[in-house]
Participant: 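Got a structure for you, questions after.
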Amino acid sequence: MMRLMDIEIIKKAGLTDSQAKAYLALIEQGTLTAQQLSELIAETRTNCYAVLDKLIANGLAQKVASTSKYAATLSRYQYNQQPVSSRTD
């Protein structure tokens, strides 16, 4: 379940609300199709493709080869183990 605090922290890194929600959903769920993601973050499927394209361009997500699914480039374990205050970009 997405936490509002996490979304706000990620937005401070420069992501939009939709991008932050999508990124957290990918971390929490593993891999998702654009349709599944749209249902989780209450966005249209078309808008999810634009959000996913932006996450991919920023190196935060990737398309899973030979599928229609997408995944975060940071696993849930890595995300939970690395405090935001210690991250450097």
Side-chain angles (χ1 to χ4, degrees):
M1 187 105 195
M2 281 186 266
R3 295 172 292 230
L4 183 59
M5 186 175 170
D6 288 341
I7 292 169
E8 292 305 316
I9 290 169
I10 291 173
K11 284 172 55 178
K12 287 181 181 180
L15 297 181
T16 66
D17 191 59
S18 295
Q19 291 166 353
K21 287 178 183 178
Y23 182 60
L24 282 178
L26 290 171
I27 290 171
E28 291 173 355
Q29 300 295 316
T31 59
L32 295 168
T33 64
Q35 180 64 43
Q36 292 168 325
L37 182 61
S38 73
E39 293 167 5
L40 283 173
I41 67 170
E43 292 283 345
T44 66
R45 185 174 50 89
T46 303
N47 196 39
C48 278
Y49 282 113
V51 168
L52 287 164
D53 286 343
K54 188 67 171 179
L55 292 176
I56 290 169
N58 288 326
L60 298 173
Q62 62 188 2
K63 187 160 185 338
V64 179
S66 303
T67 71
S68 61
K69 293 189 174 189
Y70 296 84
T73 55
L74 182 64
S75 73
R76 181 184 344 186
Y77 174 78
Q78 291 169 314
Y79 178 78
N80 288 333
Q81 296 302 313
Q82 186 178 19
V84 172
S85 61
S86 70
R87 295 180 193 158
T88 57
D89 293 329

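These values consider heavy atoms only, across backbone and side chains, with no hydrogens, waters or symmetry-generated copies.
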Participant: Nearest 0.5 Å, what's the CD1-OG1 distance between Ile56 and Thr73?
Facilitator: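 If we round to the nearest 0.5 Å, Ile56:CD1 and Thr73:OG1 are 10.0 Å apart.
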
Participant: Please confirm whether the backbone N or O of Thr33 pairs with a side-chain atom of Gln36, one donor and one acceptor, at under 3.5 Å?
Facilitator: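 Yes, because the side chain of Gln36 sits within donor-acceptor range (under 3.5 Å) of the backbone of Thr33.
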
Participant: Apply side chain to side chain contact (heavy atoms under 4.5 Å, CB included) to Ile10 and Tyr23, showing your working.
Facilitator: CA-CA 9 Å; Ile10 291 173; Tyr23 182 60; 3.9 Å; yes

Participant: Suppose we screen for salt bridge (Lys or Arg N to Asp or Glu O under 4.0 Å). Which residues come up paired with Asp17, at least two apart in sequence or across chains?
Facilitator: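 Partners of Asp17 under the salt bridge (Lys or Arg N to Asp or Glu O under 4.0 Å) test: Lys11, Lys21.
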
Participant: What are the two closest heavy atoms between Ala34 and Tyr49, and how far apart are they?
Facilitator: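 That closest heavy-atom pairing would be CB-CZ, 3.5 Å.
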
Participant: Once rounded to the nearest 0.5 Å, what's the spacing between atom OG1 of Thr44 and atom CD of Gln35?
Facilitator: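 Answer rounded to 0.5 Å: 10.0 Å.
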
Participant: Counting only pairs under 3.5 Å, give me each side-chain donor-acceptor contact of residues 57-66, with atom names and distances, residues two or more places apart or in other chains.
Facilitator:
unit_1 : atom_1 : unit_2 : atom_2 : d
Asn58  : ND2    : Lys54  : O      : 3.3
Lys63  : NZ     : Thr67  : O      : 2.3

Participant: Work out which heavy atom in Ala22 is nearest to a heavy atom in Val51; give both atom names and the distance.
Facilitator: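 That would be CB-CG1, 3.6 Å.
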
Participant: Can you measure from CD1 (Ile7) to CG (Leu24) and round to the nearest 0.5 angstrom?
Facilitator: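 If I round to the nearest 0.5 Å, the distance is 6.0 Å.
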
Participant: Only one of Ile41, Leu40, Thr46 clears side-chain contact (heavy atoms from CB on, under 4.5 Å) with Glu43; which?
Facilitator: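 The side-chain contact (heavy atoms from CB on, under 4.5 Å) with Glu43 is passed solely by Ile41 among Ile41, Leu40, Thr46.
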
Participant: Over all heavy atoms of both residues, which pair between Ser38 and Cys48 is shortest? Give the atoms and the distance, please.
Facilitator: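 What the structure gives for the nearest pair is CA-SG, 3.4 Å.
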
Participant: Does any part of the side chain of Thr31, heavy atoms only, come nearer than 4.5 Å to the side chain of Leu26, both counted from C-beta?
Facilitator: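 No, too far: nothing below the 4.5 Å cut-off.
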
Participant: Does the Gln19 side chain pair with the main chain of Thr16, one donor and one acceptor, at a distance under 3.5 Å?
Facilitator: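 Looks like yes, one N/O pair under 3.5 Å.
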
Participant: How many angstroms lie between atom CG of Leu37 and atom OH of Tyr70, to the nearest 0.5 angstrom?
Facilitator: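 If we round to the nearest 0.5 Å, Leu37:CG and Tyr70:OH are 10.0 Å apart.
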
